[in-house]
Amino acid sequence: MTIPISMRPEEWAKTGVVQDKQSLMTPLAIVEGELLETIEERGPVSLTSLIEWTELSKTLVLMSVGALVRAGLVRATKFHHRIMLESIA
């Protein structure tokens with residue numbers, strides 16, 4: 001089953017996905033990998049900063065971070081009214 005997602009054409013182009021039907025899973029997995037790599041390289045980072053650094057929609061970043069947290073790859077903690085993300089690995 002394919003779940004469509006509303007992404008701007010330039011966001012789809014950044015994922016490198018070439019296909020007739022747009023699937024949520026491929027770009028989501030790509031963004032998850034990029035965000036995980038960023039968090040591992042930079043260390044703990046605020047969710048707000050992570051959203052600002054990317055050129056993707058806030059929704060796609062939030063969905064990707066949620067998937068990383070559920071997968072147990074990233075820990076999200078509240079620190080001074082900010083959500084901080086850090087790699088668990």
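Quick caveat: nothing in here was measured; it's all calculated off a predicted structure.
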Result block: side-chain N/O donor-acceptor pairs under 3.5 angstrom for residues 62-71, not counting sequence neighbours:
unit_1, atom_1, unit_2, atom_2, d
S64, OG, L60, O, 2.9
R70, NH1, G66, O, 3.3

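- One distance of note links CD of E34 with CG of L56; it measures 7.0 Å at 0.5 Å rounding.
- In terms of heavy-atom proximity, V74 sits nearest to I39 at CG2-CD1, 4.2 Å.
- In the hydrophobic clustering of ILVMFWY residues, with side-chain heavy atoms under 4.5 Å counting as a link, M84 and L73 come out apart.
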Return all side-chain donor-acceptor pairs below 3.5 angstrom for residues 46-54, not counting sequence neighbours, or 'none' if the list is empty.
unit_1, atom_1, unit_2, atom_2, d
S46, OG, S49, N, 3.0
S46, OG, S49, OG, 2.8
T54, OG1, I51, O, 3.1

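- Within the structure, the salt bridge (Lys or Arg N to Asp or Glu O under 4.0 Å) test picks out the following pairs touching residues 72-86 (sequence neighbours left out): R75-E86.
- Neither L35 nor I88 shares a network with the other; the hydrophobic side chains, linked directly or stepwise wherever heavy atoms of I, L, V, M, F, W or Y lie under 4.5 Å apart, form separate groups for each.
- E37 pairs by the side-chain contact (heavy atoms from CB on, under 4.5 Å) definition with E41, not counting sequence neighbours.
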